[in-house]
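Worksheet for the structure shown next.
Just so it is clear: chains get the letters A, B, ... in the order the sequence lines come, proteins before strands, and each one is counted from 1.
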There are 2 protein chains.
Amino acid sequence: MELKRAAEGEKGFEKVFAFLRERLLAGSLKPGDRLISERELATQLGVSRPIVREALRALTVLGIVEIRDRIGTVVTRPDVSVLNDFFTFALAQQADMLDDVMQARVAIECQAIRLACERANIADFERLQRALAKIGETIDEADAGGMADFEFHRAIVVASHSETLTVLHGSMAGLLTHSHRSRRELVQAFPSMKTYLIDDHRRIFEAVIARDPERADATLRKHFAIGDEYRRRALVGDMDKTSASR
Amino acid sequence: MELKRAAEGEKGFEKVFAFLRERLLAGSLKPGDRLISERELATQLGVSRPIVREALRALTVLGIVEIRDRIGTVVTRPDVSVLNDFFTFALAQQADMLDDVMQARVAIECQAIRLACERANIADFERLQRALAKIGETIDEADAGGMADFEFHRAIVVASHSETLTVLHGSMAGLLTHSHRSRRELVQAFPSMKTYLIDDHRRIFEAVIARDPERADATLRKHFAIGDEYRRRALVGDMDKTSASR
DNA sequence: GGTCTGATCTTGGTCAGACCAGTATTATGA
DNA sequence: TCATAATACTGGTCTGACCAAGATCAGACC
């Protein structure tokens, strides 16, 4: 009846999706709300239950809604995992995108560190310090070291107190950790990397503590650039004698 | 049979989704490929067709796949619209997120402009120049002016030749255009904004032409900051008497 | 032989009704 | 009154069916 009116032009899936979309966007469906049952939704919209399920499933993968078995469907707060999925799929099909995603990561972190300089509180500083310490402790371990590295960078983004930046950064986590790990494997190759990793992160930390956005940004950028340089060298030649390979 | 093996633990929807996900991520399903029919998929995976449809629909809203009526299901190149949807939903439920998304936008554009300084070609320069000219021409029109402004910024991101940055930036397009428009409405309020808009964009353009990443980044950042300041003033005090505002 | 045309197969789009397994609620009995 | 058991939900899934329209191929026509 009146429910149908809201989404008359479309049919089937589109109708249900549009109907729910409207409520979601209008705010009449807020996080925490429980939707009416699938059957009821079906009869009210004049479609079959499988169609309703399609729409609900669609909203589920978008992270808008959560279907709880034998409980009901509830609206959730938008979640990271969507972007995560998206980026994972996107990158799987375009491997050359990895460098590209790295650019996005740099973009986000550099902005985040600027915000962090303004907004970070004691707790953020402490988290950064812990991560920094961890990097020092695990400097010789590939896995733990990569993890520590990642934690440090994540701490920066968290300290920005920007949900969007955090979400975006987190969505690339899977890919980033991979890249971090492979970087970590270079530690054995280039002994100089140890000091690079430790000193660089410390300098970044200090810039944040000093609440100096420009310096923090610049230092972080340099950090990324040096990392790139190491990786490049590792590609061109193995270790030292680098002339033969190509 | 052998297909089932790939996704045994899960059941129903999860099974199908995992099965397809695996193929997608492994690369055995590439953009352009046509999937086998829903019925066949259902029998091969030992589930019913509605369940298969749920999975396909899920992939559809993720922009991974496209269901073509009476044709079949084909793998597509990941598309912006997903992120668009996500951000739209996310922001609808947390209006305070808008400022936050702006931060992400700044992050992306500032990184993009750095890349643009390195990678931009003649065509990119021309596009930027056209957008710049448009800004001058439409300085007194709210709608067209906002569009021109948006085009200029988009041209910057496009000139970065980074798909990821472009996608991310595009995904916020809806929100950004809104913000751009409201900014444009300030033009009438602050006559000084005209010169600000024109000169700022020209300076940005020049920095890109000069291929000076640092200057471009800094100029762009300043541009955003000034825009913020104008908006702030518009909020605090009306129009001219702005001495109180700071 | 080559091309056009129509029957048939296949595809997605949808529906109706049914069963299961647990949850939430309610009615019942102590 | 309270604890327990029956009942009415919920999501999760399956089966089988119908429709409309693109895809295909056989046969008719040029």
Side-chain angles (χ1 to χ4, degrees), chain A residues 1 3-4 6-21 23-24 29 31-76 79 81, chain B residues 1 3-4 6-21 23-24 29 31-76 79 81:
Chain A
M1 330 243 137
L3 295 182
K4 273 189 183 175
E8 235 166 23
E10 302 92 347
K11 56 189 158 201
F13 170 81
E14 293 295 339
K15 175 153 57 174
V16 184
F17 193 77
F19 171 75
L20 292 173
R21 175 195 205 102
R23 311 277 146 147
L24 258 349
L29 279 178
D33 290 358
R34 200 165 88 258
L35 270 63
I36 57 180
S37 75
E38 297 176 354
R39 286 169 236 265
E40 201 166 344
L41 212 47
T43 60
Q44 285 194 7
L45 289 174
V47 299
S48 66
R49 195 145 84 95
I51 301 301
V52 172
R53 300 211 88 233
E54 280 183 34
L56 292 180
R57 194 67 86 171
L59 289 173
T60 299
V61 300
L62 282 178
I64 314 292
V65 129
E66 186 182 344
I67 305 181
R68 292 184 189 155
D69 196 357
R70 277 158 251 131
I71 303 285
T73 307
V74 301
V75 182
T76 65
D79 184 34
S81 55
Chain B
M1 325 243 138
L3 294 183
K4 274 189 183 176
E8 237 164 21
E10 301 93 346
K11 56 187 159 201
F13 170 82
E14 293 296 338
K15 175 153 57 175
V16 184
F17 193 77
F19 171 77
L20 292 173
R21 173 193 207 104
R23 310 277 146 146
L24 259 349
L29 279 178
D33 291 357
R34 201 166 87 259
L35 271 62
I36 56 181
S37 75
E38 296 177 355
R39 287 169 235 266
E40 201 166 344
L41 212 47
T43 60
Q44 286 194 6
L45 289 174
V47 297
S48 66
R49 194 147 84 93
I51 301 301
V52 172
R53 300 209 91 238
E54 280 183 35
L56 292 180
R57 194 66 86 171
L59 289 174
T60 299
V61 301
L62 282 178
I64 314 293
V65 129
E66 185 182 345
I67 305 181
R68 293 184 188 155
D69 196 357
R70 277 158 251 130
I71 304 286
T73 308
V74 301
V75 183
T76 65
D79 184 35
S81 55

Can you give each donor-acceptor pair under 3.5 Å made by side-chain atoms of residues 54-66 of chain A, sequence neighbours left out, with the distance rounded to 0.1 Å?
| from | atom 1 | to | atom 2 | distance (Å) |
| --- | --- | --- | --- | --- |
| A:Glu54 | OE1 | B:Arg53 | NH1 | 3.4 |
| A:Glu54 | OE1 | B:Arg57 | NE | 2.7 |
| A:Glu54 | OE1 | B:Arg57 | NH2 | 2.8 |
| A:Glu54 | OE2 | B:Arg53 | NH1 | 2.7 |
| A:Arg57 | NE | B:Glu54 | OE1 | 2.7 |
| A:Arg57 | NH2 | B:Glu54 | OE1 | 2.8 |
| A:Thr60 | OG1 | A:Leu56 | O | 2.8 |

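- Put simply, CG on B:Leu56 is 12 Å from C1' on C:dT11, counting in whole angstrom units.
- Put simply, the side chain of B:Lys15 does not reach to within 4.5 Å of the side chain of B:Phe19, judged on heavy atoms.
- For A:Arg70, the side chain to side chain contact (heavy atoms under 4.5 Å, CB included) criterion is met by no residue, not counting sequence neighbours.
- Applying the side chain to side chain contact (heavy atoms under 4.5 Å, CB included) test to B:Asp69 and every residue at least two apart in sequence or in another chain returns nothing.
- As a whole-Å value, the separation of A:Glu54 CD from C:dG12 C1' is 10 Å.
- Rounded to a whole Å, the CD atom of A:Glu38 is 10 Å from the P atom of D:dT13.
- Rounded to whole Å, the distance from CZ on B:Arg34 to C1' on C:dG12 is 12 Å.
- We find that CZ of B:Arg39 is positioned 14 Å from P of D:dT15, with the value rounded to whole Å.
- Look at A:Arg57 and you'll find a side-chain N or O under 4.0 angstrom from OP1 or OP2 of D:dT13.
- If B:Pro50 and B:Glu40 are placed on DNA chain C by their nearest nucleotide, the residue sitting closer to the 5' end is B:Glu40.
- Here the nucleotide nearest the side chain of B:Ser37, chosen from D:dA23, C:dT11, D:dT10, is C:dT11.
- For A:Val47, the side-chain atoms get nearest to C:dC15 when compared with the rest of C:dC15, D:dG11, D:dA23.
- On a pure distance criterion of 3.5 Å, no polar donor-acceptor pair joins the side chain of B:Arg49 and the base of C:dT11.
- One finds the CD atom of B:Glu38 at 5.0 Å from the CZ atom of B:Arg49 (value rounded to the nearest 0.5 Å).
- By the 4.5 Å heavy-atom criterion applied to side chains, A:Gln44 and A:Ile36 are counted as neighbours.
- One can place NZ of A:Lys15 at 13 Å from C1' of C:dC15, the figure rounded to the nearest angstrom.
- For B:Arg34, the side chain to side chain contact (heavy atoms under 4.5 Å, CB included) partners at least two apart in sequence or on another chain are B:Val74.
- Taking a 4.0 Å limit (strictly below) on heavy-atom distances, residues 63-70 of chain A reaches DNA chain D at A:Ile67, A:Arg68, A:Asp69, A:Arg70.
- Base pairing annotation: D:dC30 forms a Watson-Crick or G-U wobble pair with C:dG1, both donor-acceptor distances under 3.5 Å.
- Between the P atom of C:dG12 and the CD1 atom of B:Ile51 lies a distance of 16 Å, rounded to the nearest Å.
- Residue A:Thr73 places at least one side-chain N or O closer than 4.0 Å to OP1 or OP2 of D:dG11.
- Taking only side-chain atoms of B:Ser48, from C-beta outward, the nucleotide of D:dC14, C:dT23, D:dG11 with the closest atom is D:dC14.
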